[in-house]
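Scroll down for the structure; my scribbles are underneath it.
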Amino acid sequence: MLLRLPTSVTEARECLAEGAVPVGGATLVWATWQRDGFPELAFSLREVPEANVLGPHTVGGAVLLHRIGAGVPDVLRLAAATVGTGAVRRTATVGGNIVGSTLRCLLPAALVLDARATVLEPDGVREADLAEVVAKRPVLLSLRWNPPIASAYRKLPGEAGGAPPLVVASALHAGRGTPGRLRVAVRDGYDVLRGTTPCESGTDATLAALRGTALRELPSAAWDIVRTQVTGLLEDRGAE
């Protein structure tokens, strides 16, 4: 396998046009390649500046998970910290987790941040929403969002070989002349459900509004965590 390391978006686009397979840490595909054979040509974004941005508003697709720290919203920082082991986090990338993984532990965090994706295609770079990224699995160059007022993330312990552990993410966003909006996303099994509501009338009314979204399908155990997160976010807002 020939691995190319482009240093610009233009070079990366040329690799993609030539049929090169995008790889990050290869944590998800190495065993498959060992079994089925390695691709002839692959490329990594690790030397492309646009894929390595990291800050309060953005994260690049080539950013290693262990690099995601206090400079990003809590929900993303906590999500990254729960992925695999320390060794995995020093190799796995944001793009690999969201695009290449079936678990997508970072996806609920990205959804509640209302993130937009910048994706790389053979004919150029464009913006895409997360639903398209999950469905079509393009090369993820970066994610960008408006920082929330506050956010939270919880991932329940999982059993080896068992179903994916429950993940609950939430974020409170400021509104323009309004009390703001609350976004919640839950990974239940391999499905990710989400709901958004204005938070104008207190915790009970906000939770009732969330039950009118796709989150109404959640089991009671998930709702207990949602309730705790929403209550904490709204109480923190009230204390400001």
Side-chain angles (χ1 to χ4, degrees), residues 53-60 63 65-83 89 94 97-98 103-117 129-131 133-134 142-157 165-188 192-216 218-240:
V53 293
L54 180 61
H57 299 82
T58 186
V59 64
V63 170
L65 300 187
H66 82 99
R67 290 182 54 207
I68 299 177
V72 303
D74 286 345
V75 66
L76 185 60
R77 173 181 60 81
L78 294 169
T82 68
V83 176
R89 293 190 292 274
V94 170
N97 185 272
I98 292 180
L103 296 179
R104 299 187 177 98
C105 294
L106 300 187
L107 180 60
L111 287 169
V112 300
L113 290 174
D114 197 25
R116 295 286 297 176
D129 62 29
L130 289 172
V133 169
V134 171
S142 63
L143 295 174
R144 178 171 291 276
W145 59 83
N146 291 319
I149 298 171
S151 60
Y153 183 93
R154 184 177 177 190
K155 180 179 181 181
L156 295 186
L166 183 75
V167 168
V168 179
S170 55
L172 179 62
H173 294 262
R176 296 181 179 178
T178 69
R181 297 187 70 80
L182 182 72
R183 300 181 185 276
V184 178
V186 179
R187 187 187 72 192
D188 182 23
V192 178
L193 304 175
R194 53 177 162 166
T196 302
T197 181
C199 39
E200 303 186 39
S201 305
T203 302
D204 290 343
T206 300
L207 287 167
L210 284 174
R211 285 188 178 275
T213 70
L215 298 177
R216 62 182 172 273
L218 292 176
S220 58
W223 266 109
D224 289 342
I225 300 173
V226 171
R227 184 180 299 106
T228 298
Q229 285 193 6
V230 170
T231 300
L233 292 179
L234 296 182
E235 287 180 349
D236 288 345
R237 182 193 63 171
E240 293 179 352

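Along the sequence shown, residues are numbered consecutively beginning with 1.
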Approximate separation, where rounding is to 0.5 Å, of Arg77 CZ and Ser151 OG = 8.5 Å
Test side-chain contact (heavy atoms from CB on, under 4.5 Å) on Asn146 and Asp114 and set out the steps.
-> CA-CA 8 Å; Asn146 291 319; Asp114 197 25; over 6 Å; no
Quick one: does Thr206's side chain get under 4.5 Å of Leu234's, heavy atoms only?
-> yes
For the atom pair CH2 (Trp145) and CG (Leu113), what is the distance rounded to the nearest 0.5 Å?
-> 6.0 Å
Looking only at non-hydrogen atoms, find the nearest pair between Asp188 and Pro219 and report the distance.
-> OD2-CD, 3.6 Å
Would you please test Val72 and Leu54 for side-chain contact (heavy atoms from CB on, under 4.5 Å) and show each step?
-> CA-CA 8 Å; Val72 303; Leu54 180 61; 3.7 Å; yes
Closest heavy-atom pair, Val75 versus Ala169, reported as atoms and distance to 0.1 Å, is CG2-CB, 3.7 Å
Main-chain N/O of Leu106 paired to Asn97 side chain as donor or acceptor, under 3.5 Å | yes
Examine distances only and state if a side-chain atom of Arg104 and a backbone atom of Ile98 form a donor-acceptor pair shorter than 3.5 Å.
-> yes
Are Arg211 and Trp223 in a cation-pi setup, meaning NZ or CZ lies under 6.0 angstrom from the ring centre and within 45 degrees of the ring axis?
-> yes
Answer yes or no: does atom CZ of Arg194 have more than 12 heavy-atom neighbours from other residues, nucleotides or ligands under 6.0 Å?
-> no
Drop me the distance from Leu130's CG to Leu143's CG, to the nearest 0.5 angstrom.
-> 6.0 Å
Can you find a pair of side-chain heavy atoms, one from His173 and one from Ile149, that are under 4.5 Å apart?
-> no
Partners of Asp224 by side chain to side chain donor-acceptor pair (under 3.5 Å), sequence neighbours excluded?
-> Arg227
With a 4.5 Å limit on heavy-atom distance, are the side chains of Ile68 and Val94 in contact?
-> yes
On a heavy-atom basis, the closest approach of Ala79 and Ala109 is CB-CB, 4.0 Å
The reported gap from CZ in Arg67 to CZ in Arg89 (rounded to nearest 0.5 angstrom) is 15.5 Å
What pair of heavy atoms forms the shortest contact from Thr213 to Gly195, and how long is it?
-> OG1-CA, 3.6 Å
Taking the side chain from Lys155 and the backbone from Val167, do they hold a donor-acceptor pair closer than 3.5 Å?
-> no
Reported CZ-to-OG1 distance for the pair Arg183 and Thr197, which is rounded to 0.5 angstrom = 10.5 Å
In Å, rounded to the nearest 0.5 Å, how long is the span from SG of Cys105 to CG of Leu65?
-> 9.5 Å
Please report the closest heavy-atom contact between Ala185 and Pro108, naming both atoms and the distance.
-> CB-O, 3.7 Å
Taking every non-hydrogen atom, the tightest pair across Leu182 and Leu233 = CD1-CD1, 3.9 Å
Val59 vs Val53 side-chain heavy atoms within contact, under 4.5 Å = no
Stepwise side-chain contact (heavy atoms from CB on, under 4.5 Å) test for Val186 and Leu166 | CA-CA 7 Å; Val186 179; Leu166 183 75; 3.7 Å; yes
Given the rule in the side-chain contact (heavy atoms from CB on, under 4.5 Å) test, do Leu103 and Arg187 qualify, once you have shown the distances and angles that lead to the verdict?
-> CA-CA 9 Å; Leu103 296 179; Arg187 187 187 72 192; 3.6 Å; yes
Does some side-chain heavy atom of Cys199 sit less than 4.5 Å from a side-chain heavy atom of Leu172?
-> yes
